[in-house]
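Notes to accompany the following structure.
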Amino acid sequence: MNFANTLRQHTAALRALLVLTLILGIAYPVFIWLLAQLPGLKDKADGSLIELNGAPVGSSLIGQLYTDADGSPLPQYFQSRPSAAGDGYDPMSSGASNLGPEDIVDTADRTSLLTDVCSRSVAAGELDGVSGARPFCTDSGVGAVLSVLGTRDVRGIVADPTRVISVNELCPAAPFIANYEGVAVECAEPGADYASGQIVPIHGDVPVAAVPADAVTASGSGLDPHISPEYAALQVNRVAAARGLTPAQVQTLVAEHTDGRALGFMGAPRVNVLQLNLALDGLGG
């Protein structure tokens with residue numbers, strides 16, 4: 001390849017680089033920005049911010065906490081669903097916990113997903129005056145899980161237990177059940193490893209949990225600004241009492257801020273927590 005051909009190829013490549021830079025690096029972004037400024041699109045492009053007295057207080061697309069300086073829920077506000085994004089609703093750390101339904105045993109490093117769900121259920125129940133009991137949870141708010149040790153049969157199941165430990169209840173806690181198949185249940189010694197036993201979750205006698213699922217589980221993004229109408233209904237009496245309002249007044253606001261299914265058939269009805277709480281502040285109390 002001679003010098004002239006090399007120069008011609010490099011010149012063509014440079015021209016292509018300049019043209020593509022102008023089209024894709026300048027013209028296209030400017031076009032999209034101008035398109036986003038059209039009525040009906042500008043608000044979403046700017047982050048769907050909600051302002052109060054001229055100052056932004058949040059986004060209708062991102063949840064936030066309604067707690068005091070100690071992290072305790074403020075009783076006069078509806079509470080959002082839990083968040084696993086950073087310290088809570090952090091857009092820079094959006095994501096789920098990546099824990100699944102088999103994550104049921106606490107470790108020295110962290111609590112299991114099951115115990116997180118159980119503890120959140122107990123806390124929500126105490127806050128709103130209902131039972132926080134739910135299947136596979138102890139009354140104290142940890143996963144009701146046993147490690148059953150003994151001789152296993154051909155299926156790998158312990159048929160004749162010799163020792164049973166409530167793995168999520170550390171000593172000196174009293175186990176949530178006294179006996180399992182005739183064997184006294186023990187509390188778990190801190191730092192002990194009971195993985196060699198057969199892990200058995202105990203359902204318990206809780207037919208229907210009073211605390212809805214979205215009150216105890218985080219969304220996939222960790223940024224969900226909505227709660228279910230069921231979770232909102234659970235909080236109505238507490239919010240009304242804290243503000244000196246009637247439950248009917250609060251329930252009317254909940255209904256006004258409840259959105260139906262997208263396009264009438266996708267998803268589920270939902271309540272935007274920030275917009276509802278701002279409406280409550282506007283109502284007074």
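- Enclosure of atom CG in Asp87 is not indicated, since only 12 or fewer non-hydrogen atoms of other residues, nucleotides or ligands lie within 6.0 angstrom.
- Val148 and Tyr194 are not part of a single hydrophobic cluster, where members link through side-chain heavy atoms under 4.5 Å apart.
- Distance alone, capped at 3.5 Å, places no donor-acceptor pair between the Gln64 side chain and the Leu274 backbone.
- In this structure, Pro175 and Ser166 approach most closely via the heavy-atom pair CB-CB, 4.3 Å.
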Chi angles and distances behind the side-chain contact (heavy atoms from CB on, under 4.5 Å) call for Asp116, Arg120: CA-CA 6 Å; Asp116 284 343; Arg120 290 167 181 166; 4.3 Å; yes
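- Residue Val145 is not grouped with residue Val216 when hydrophobic side chains (ILVMFWY) are merged at heavy-atom distances under 4.5 angstrom, including chains of intermediate members.
- The CG atom of Asn237 sits 10.5 Å away from the OG1 atom of Thr246 when rounded to the nearest 0.5 Å.
- Taken from OG1 in Thr107 to CG in Asn168, the straight-line distance is 10.0 Å, to the nearest 0.5 Å.
- Side-chain contact between Arg15 and Thr11 is present, with at least one heavy-atom pair separated by less than 4.5 Å.
- The minimum heavy-atom distance between Pro229 and Thr258, with the atom names listed, is CG-CG2, 4.1 Å.
- Side-chain contact between Phe176 and Ser140 is absent, with no heavy-atom pair separated by less than 4.5 Å.
- In His10, the NE2 atom is not crowded: 12 or fewer heavy atoms of neighbouring residues, nucleotides or ligands sit closer than 6.0 Å.
- The shortest side-chain heavy-atom distance between Ser147 and Ile199 falls under the 4.5 Å cut-off.
- Taken to the nearest 0.5 Å, the CG atom of Leu74 stands 5.0 Å off from the CD atom of Gln76.
- For the side chain to side chain contact (heavy atoms under 4.5 Å, CB included) test with Gln79, the passing option among Leu127, Val239, Asp128 is Leu127; the others fail.
- Atom-to-atom distance recorded for Leu114:CG and Thr138:OG1 is 9.0 Å, nearest 0.5 angstrom.
- Closest approach of Tyr89 to Asp224, counting heavy atoms only: CE2-O, 4.0 Å.
- Cluster membership for Leu149 and Val158, using ILVMFWY side-chain heavy atoms within less than 4.5 angstrom, is not shared.
- Atom-to-atom distance recorded for Arg134:CZ and His203:NE2 is 10.5 Å, nearest 0.5 angstrom.
- Asp68 contributes a side-chain N or O that, together with a main-chain N or O of Asp70, makes up a donor-acceptor pair within less than 3.5 Å.
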Let's go through Ser112 and Asp106 carefully: what are the C-alpha distance in whole Å and the side-chain angles of both, what is the deciding distance for side-chain contact (heavy atoms from CB on, under 4.5 Å) to 0.1 Å, and is it a yes or a no? CA-CA 5 Å; Ser112 62; Asp106 299 346; 2.8 Å; yes
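- In this structure, Arg81 contributes its side chain and Thr217 its backbone to a donor-acceptor pair below 3.5 Å.
- In this structure, Ile104 is not a member of the same hydrophobic cluster as Leu170, with clusters built from ILVMFWY side-chain heavy atoms closer than 4.5 Å.
- Taking CG from Leu278 and OH from Tyr77, the interatomic distance works out to 8.0 Å, rounded to the nearest 0.5 Å.
- For Val183 against Pro161, the heavy-atom pair with the smallest separation is CG2-O, 3.5 Å.
- The minimum heavy-atom distance between Ala215 and Val211, with the atom names listed, is CB-CG1, 3.6 Å.
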Determine whether Leu223 and Leu61 satisfy the following criterion, side-chain contact (heavy atoms from CB on, under 4.5 Å), listing intermediate values before the conclusion. CA-CA 8 Å; Leu223 307 178; Leu61 302 178; over 6 Å; no
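- In this structure, Val167 is not a member of the same hydrophobic cluster as Val142, with clusters built from ILVMFWY side-chain heavy atoms closer than 4.5 Å.
- Not a single donor-acceptor pair under 3.5 Å links the side chain of Ser121 to the backbone N or O of Val117.
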Show me the side-chain donor-acceptor pairs of residues 27-35 shorter than 3.5 Å, one per line, residues at least two apart or across chains.
none

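- Counting only distance, with no hydrogens or angles, the side chain of Thr115 and the backbone of Gly143 share a donor-acceptor pair below 3.5 Å.
- Residue Glu256 qualifies as enclosed at atom CD: its count of foreign heavy atoms under 6.0 Å is above 12.
- Taking the charged nitrogens against the carboxylate oxygens, Arg110 and Asp103 do have a contact shorter than 4.0 Å, which makes a salt bridge.
- Between the Ser221 side chain and the Ser94 main chain, no donor and acceptor come within less than 3.5 Å of each other.
- A distance-only check finds no donor-acceptor pair linking the side chain of Asp153 to the backbone of Ala159 [under 3.5 Å].
- More than 12 heavy atoms of other residues, nucleotides or ligands lie within 6.0 Å of CG in Asp259, so this atom counts as buried by the packing criterion.
- Gln198 and Arg152 get closest at one heavy-atom pair: N-NH2, 3.2 Å.
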Please evaluate residues Arg243 and Asp281 with respect to the criterion side-chain contact (heavy atoms from CB on, under 4.5 Å), reporting the C-alpha separation (whole Å), side-chain torsions for both, the decisive distance (0.1 Å), and the verdict. CA-CA 9 Å; Arg243 290 178 176 267; Asp281 285 342; 2.8 Å; yes
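- Partner of Val185 under the side chain to side chain contact (heavy atoms under 4.5 Å, CB included) criterion, chosen from Ile202, Ile177, Ile165: Ile177.
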